[in-house]
*Asks:* 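The structure follows.
Keep in mind that what you see is a predicted model, and the values were worked out from it rather than measured. Residue numbering restarts at 1 for every chain, and letters A, B, ... go by the order of the sequence lines.
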Amino acid sequence: MTMHDWLTDDAPASRFQASAGQAWAITRAFGRNPLAVLGAVIIGALVFVSIFAPWLAPYSPVGQNLGARLLPPSSEYWLGTDELGRDIYSRILYGARITLLIVVMVALISAPLGLIIGAVAGYFGGWVDRTLMALTDVFLSLPKLIMALAFVAALGAGLQNAIIAIAVTAWPAYARIARAETLTFRNAEFIAAVRLQGASHLRVIAVHVVPLCLSSTIIRVTLDMAGIILTAAGLGFLGLGAQPPLPEWGAMISRGRSFILDQWWVATMPGFAIIIVSLGFCFLGDGLRDVLDPKQRDGR
Amino acid sequence: MTTSSSETAPEIRHRAQDLALGIGRFVAVTALTFLGLLAITFFIGRVVPIDPVVAVVGDRASQEVYEATRQALGLDRPLAVQFLIYVRDVLSGDFGTSLTTGRPVIEDLARFFPATVEMATAGILIGVLLGVPMGVIAAARAGSWLDQLIRVLGLLGYSVPAFWMGLVGLAVFYAGLGWVAGPGRIDIFYDGLVPPVTGLLTVDAIIAGDWAILGNAISHLVLPASILGFFSLAYIARMTRSFMLDQLSQEFVTTARVKGVSERAVIWKHAFYPIRVQLVTVIGLSYAVLLEGSVMVEIVFSWPGIGNYLTTALLRADMAAVLGATILIGTVFIVINRLSDLLYRVFDPRSR
Amino acid sequence: MPPLLELKNLRVSFPGPRGPVEVVSGVSFDLGRERLGIVGESGSGKSLTGRSILRLLRPPAKVSVDRLRFDGADLLAMSEREMRQVRGARISMVMQDPRYSLNPVMTVGDQIAEALKVHERIPRREVRERVMDMLDKVRIHDPERVMKLYPHEVSGGMGQRVMIAMMLIPKPDILIADEPTSALDVSVQAQVLDLIEEMIAEYGMGLILISHDLDLVARYCDRVLVMNQGEVVEELEAGGLHRAQHPYTRALLESVPRIDETRKVLPVMDRGAGVGT
Amino acid sequence: MTPALGIRNLYVRYGRTDVVQDVSISVEQGESYALVGESGSGKSTILRAAVGMVSDWRGEIEIDGTPRSSMAQADFARHCQMVFQDPYGSLHPRRTVDATLSEPLKIHNIGDRDHRVVEMMRSVGLNPRYRFRFPHQLSGGQRQRVAIARALMLDPKLLLLDEPTSALDVSVQAEILNLLVRLREERGLTYVFVTHALPVVSFLCDRLGVLHKGQLVEEAGVDKLRAGAFDEPYARELFAASLGAGDRVRHAV
């Protein structure tokens with residue numbers, strides 16, 4: 001029996017084979033979507049660059065060389081240099097680390113928080129739901145960027161505070177999604193069946209409800225990544241995010257602002273980095289939705 | 001809505017009760033959300049900073065000044081009392097005084113807000129006029145190259161930083177091609193010539209009948225508004241497409257086709273008509289987001305709006321101004337959100 | 001004289017993970033001004049057959065057919081515009097569940113009027129009169145009131161009568177009824193079917209009644225095609241169900257419990273190697 | 001002998017209306033009892049009130065003589081289980097047959113799961129080959145077998161069946177009905193069977209109650225059903241509407 005037969009066997013012989021087969025089917029479906037694969041490649045590249053930046057970057061991201069100020073893109077400086085003679089290409093490679101850090105931290109803080117709040121609200125309904133959703137709605141009906149700005153203004157500028165500010169404004173969306181998802185099957189018969197077998201509320205939520213909300217939350221988080229990156233870059237642009245000399249992309253654009261008419265590359269290049277990574281997350285999220293959304297996958 | 005004769009008295013009474021309940025709920029939720037907004041801004045202003053007094057007087061103030069300010073700010077009272085006072089102040093329009101301009105924050109807001117409204121409104125017009133048809137076409141031809149193009153364009157709207165686009169736009173269309181005017185709302189020699197009636201420069205110019213100023217104002221407005229419009233277009237087109245796809249897969253659409261209804265009427269009358277209320281919600285949300293998103297664009301274009309005011313205040317730690325602007329945008333946000341929600345309930349026959 | 005509708009070798013397939021899956025495999029029949037029943041279980045391809053006649057299937061479904069002629073015209077050769085002249089006006093279809101097949105945000109009256117207006121240019125007054133007449137014909141006794149209602153405000157049985165009124169108002173030649181009663185309560189089912197039967201007789205139309213219920217189809221049709229897995233396995237005169245030869249048809253007949261059931265075990269279909277279904 | 005399910009003066013409210021009004025039913029141990037009615041008659045609601053899926057009810061519900069309200073959820077689970085109408089909605093879409101069937105054993109800390117799951121699959125006529133399949137890889141009939149197996153994992157004596165065959169094709173319905181008859185004999189089960197299809201009642205049940213607009217209009221033995229000899233006008237109407245073409249012919253003779 002070949003590996004392929006084993007994975008696509010419609011009567012798996014073990015739990016392991018069943019989950020492996022499931023994973024294989026998802027991967028296959030994913031592979032048929034070229035944009036999604038492109039997205040995955042971009043995000044893979046982001047991770048790769050973040051890890052290996054010191055080996056990939058030809059110059060130091062912070063080392064100044066006043067003799068090589070504002071040089072246009074050339075074979076020596078691929079993307080040109082900035083006003084302190086720093087190699088923009090190297091700075092962008094190191095900047096990937098900051099972007100990845102922000103994205104991962106925000107996701108780790110806000111997604112589980114939103115998921116649990118939403119699942120609990122949706123499952124119990126009644127006053128629990130009303131209280132939690134009133135809270136969520138308050139946050140949701142506030143302008144996210146402005147709130148993040150106000151938070152950073154109060155907490156003080158810096159990378160860590162920027163992450164906290166973004167995470168504080170990001171979770172309500174996940175709570176909403178998890179709740180909506182939970183509501184669609186809260187009265188479903190398979191949940192009733194588990195309850196009838198004597199399962200506790202905690203068990204129903206943890207074992208049966210949360211896993212079902214997981215994929216839509218993952219999809220939403222992935223799609224939101226672009227927005228998070230833009231918000232972080234915006235904070236950086238305003239000088240409220242990562243502080244100099246850290247090569248944060250938004251801050252780099254901000255510095256290039258004064259030279260935009262004559263030395264266009266200084267502000268433009270980091271912008272392309274932001275666009276590519278954001279698009280990567282969008283493509284990946286769209287692809288994940290096509291593959292993971294059970295309504296589309298099992299809809300036959 | 002007409003009530004048919006067959007309805008019994010208790011049914012009408014129940015309907016009236018439902019309506020009263022609905023209105024009560026609407027008011028309660030709106031008030032609660034607004035209170036939530038104030039709680040958060042209060043939290044940001046009084047609790048998060050390590051010492052709000054220092055934020056006001058600076059760290060070189062004498063002990064007497066410090067204490068006096070502390071009492072003036074009411075910081076010696078319990079937090080709950082401070083919050084109530086804060087709510088009272090905000091409701092009476094007292095947002096404090098701006099450190100940057102030295103004027104009451106409420107006056108500043110009234111001065112800067114119209115510019116933001118003008119830009120965001122122009123942006124949403126572009127977004128709706130292009131975004132809705134694009135979404136409908138994409139859904140009607142799902143899977144075609146046109147659909148793919150619109151989709152990628154939509155995703156770009158999620159991925160391009162507004163401030164970057166503003167910079168590149170200025171470099172290309174202002175400095176490079178000279179098609180549009182540069183930063184600012186109007187050229188300096190036109191400034192202050194039309195009497196401010198609405199605060200919206202284009203409208204005021206029309207009222208004054210000054211076409212040169214109108215032209216100049218538009219040439220300043222068109223680039224930032226188009227950039228904002230692109231972002232709302234991306235969102236509106238994407239949502240329209242997904243609503244339309246949902247409708248087009250419904251059985252009643254097949255019924256229309258069975259009747260021999262033309263494809264054009266199937267799409268616009270049967271599929272599009274039912275989603276118009278949902279779309280109003282989306283457009284409302286998008287407008288609110290534009291008001292917010294204009295912050296970044298305003299900075300790049302030196303647009304004298306609320307965003308510029310806010311960020312200037314931010315960099316100078318002028319918390320009264322920051323929170324005032326936040327409350328203003330937050331309130332507009334809440335009102336638009338709640339109104340579109342209300343609209344949905346009123347206009348969808350299924351929710352009656 | 002050629003039959004009203006000719007269908008020869010209809011095939012419908014959908015793309016699957018392991019190549020295209022054929023769900024209708026070579027269905028052929030002729031229809032005159034008569035009542036034809038198509039019976040089969042879910043997945044037998046009966047509904048797709050009905051929809052293929054109106055050319056309603058859209059990608060990814062792939063339809064191929066050797067011959068599809070209606071009243072001397074080749075439906076295959078028609079442009080989408082010409083096809084619209086046929087849909088509704090000449091061949092019409094009543095669908096399963098009025099909760100989904102009626103437009104939720106259009107009043108019942110507007111939906112019926114639309115069916116008329118897309119095919120005929122007539123003054124508004126007359127449209128209204130004809131809609132009221134039609135509602136009256138489908139035994140809705142207060143058409144004034146019902147016209148103004150939205151679909152969610154009418155019961156299932158009433159919704160299905162609205163559907164029938166809508167589909168019959170342009171006086172088509174053929175009516176396709178796709179499971180017209182399976183979403184309704186038992187007590188209403190007979191009323192709706194009796195209504196269809198009566199209207200067909202009055203207008204002298206052809207009927208294709210699609211259902212999973214062999215008994216029901218036999219009662220309302222002259223002729224019955226039994227479909228299984230995309231193929232017609234047997235054709236029967238409605239009065240001759242007991243003469244059915246094919247094991248599938250026999251199993252369909254016998255596996256249904258009767259109201260005076262005394263059997264201890266119901267006969268089941270032999271599904272070959274598979275254990276259980 | 002105490003009845004397996006005793007319901008006295010049950011009222012259930014949805015919003016502003018009582019959808020079940022003053023219904024009293026007593027189902028004996030080992031009996032197969034049918035609740036018959038059209039949609040909106042309240043037949044499913046009675047089952048839902050009995051298992052606790054509906055909370056706004058008044059009256060008395062007893063399982064094996066114990067009031068429903070004084071039974072712990074876990075205890076109740078071992079006495080009484082339910083099989084639902086829709087085999088597509090009653091199985092968790094992301095869990096294999098094995099996970100679904102093991103779940104009640106895990107909840108009640110019962111060991112020897114592998115053996116029990118395989119035994120139960122055989123008992124409901126499911127090939128153990130299908131043990132690690134997901135619901136979307138099963139046919140409607142197979143799913144309903146899984147749902148029945150799940151209900152029997154804790155070995156309850158009372159099984160509530162809410163239209164378990166109405167979403168199935170007739171040929172599959174026959175197989176599930178045969179299975180239900182066999183399981184009842186083998187395990188001495190008590191059935192409360194909700195349906196709108198009188199012929200199915202005739203095959204599977206001993207006694208039936210006819211519901212109309214939330215009220216129990218007639219109770220009768222299955223002989224009375226087969227003879228078409230109901231007393232109440234509504235029950236007779238329902239009977240007449242349920243006759244298939246074949247039945248009509250036979251009854252006309």
*Asks:* If I take atom CD1 from residue C/I259 and atom CZ from residue D/R226, how far apart are they, to the nearest 0.5 angstrom?
*Replies:*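 The CD1 atom of C/I259 sits 11.0 Å away from the CZ atom of D/R226.
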
*Asks:* From D/S39 OG over to C/D185 CG, what is the distance, rounded to the nearest 0.5 angstrom?
*Replies:* 3.5 Å

*Asks:* State, yes or no, whether a side-chain contact exists between C/E41 and D/V170 at a heavy-atom distance under 4.5 Å.
*Replies:* yes

*Asks:* How would you list all residue pairs meeting salt bridge (Lys or Arg N to Asp or Glu O under 4.0 Å) that involve residues 31-43 of chain D, not counting sequence neighbours?
*Replies:*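 Residue pairs passing salt bridge (Lys or Arg N to Asp or Glu O under 4.0 Å), neighbours aside: D/E31-D/R207, D/K43-D/E163.
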
*Asks:* Looking at D/K224, I want to see if its NZ is surrounded by more than 12 non-hydrogen atoms of other residues, nucleotides or ligands under 6.0 Å.
*Replies:*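 Yes, the 6.0 Å shell around NZ holds more than 12 heavy atoms from other groups.
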
*Asks:* Are more than 12 heavy atoms from other residues, nucleotides or ligands located less than 6.0 Å from atom CZ of C/F29?
*Replies:* yes

*Asks:* How long is the straight-line distance from OG of D/S171 back to CG of C/L266, given to the nearest 0.5 Å?
*Replies:* 11.5 Å

*Asks:* So, for C/P257 and D/Q173, which heavy atoms are closest and what is the spacing to 0.1 Å?
*Replies:* CD-NE2, 3.6 Å

*Asks:* Considering all heavy atoms of both residues, which atom of D/F203 and which atom of C/R263 are nearest to each other, and what is their separation?
*Replies:* CE1-O, 3.3 Å

*Asks:* Does C/Q229, at its CD atom, have more than 12 non-hydrogen atoms belonging to other residues, nucleotides or ligands within less than 6.0 Å?
*Replies:*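 No - once you tally the heavy atoms of other residues, nucleotides and ligands closer than 6.0 Å, there are 12 at most.
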
*Asks:* Could you list the residues that satisfy side chain to side chain contact (heavy atoms under 4.5 Å, CB included) with D/E237, not counting sequence neighbours?
*Replies:* D/Y234

*Asks:* Would you say C/S255's side chain and D/A174's backbone share a donor-acceptor pair under 3.5 angstrom?
*Replies:* no

*Asks:* Applying a criterion of heavy atom separation less than 4.5 Å, what residues of residues 177-187 of chain D form contacts with chain C?
*Replies:* D/L177, D/N178, D/V181

*Asks:* Is it the side chain or the backbone of C/V265 that comes within 4.5 Å of chain D heavy atoms, both, or neither?
*Replies:*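 Both backbone and side chain.
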
*Asks:* Give a yes or no on whether C/R33 atom CZ has more than 12 heavy-atom contacts from other residues, nucleotides or ligands under 6.0 Å away.
*Replies:* yes

*Asks:* Could you pull out all residues at least two apart from D/D114 that satisfy salt bridge (Lys or Arg N to Asp or Glu O under 4.0 Å)?
*Replies:*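 Result, salt bridge (Lys or Arg N to Asp or Glu O under 4.0 Å) vs D/D114: A/R15, D/R131.
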
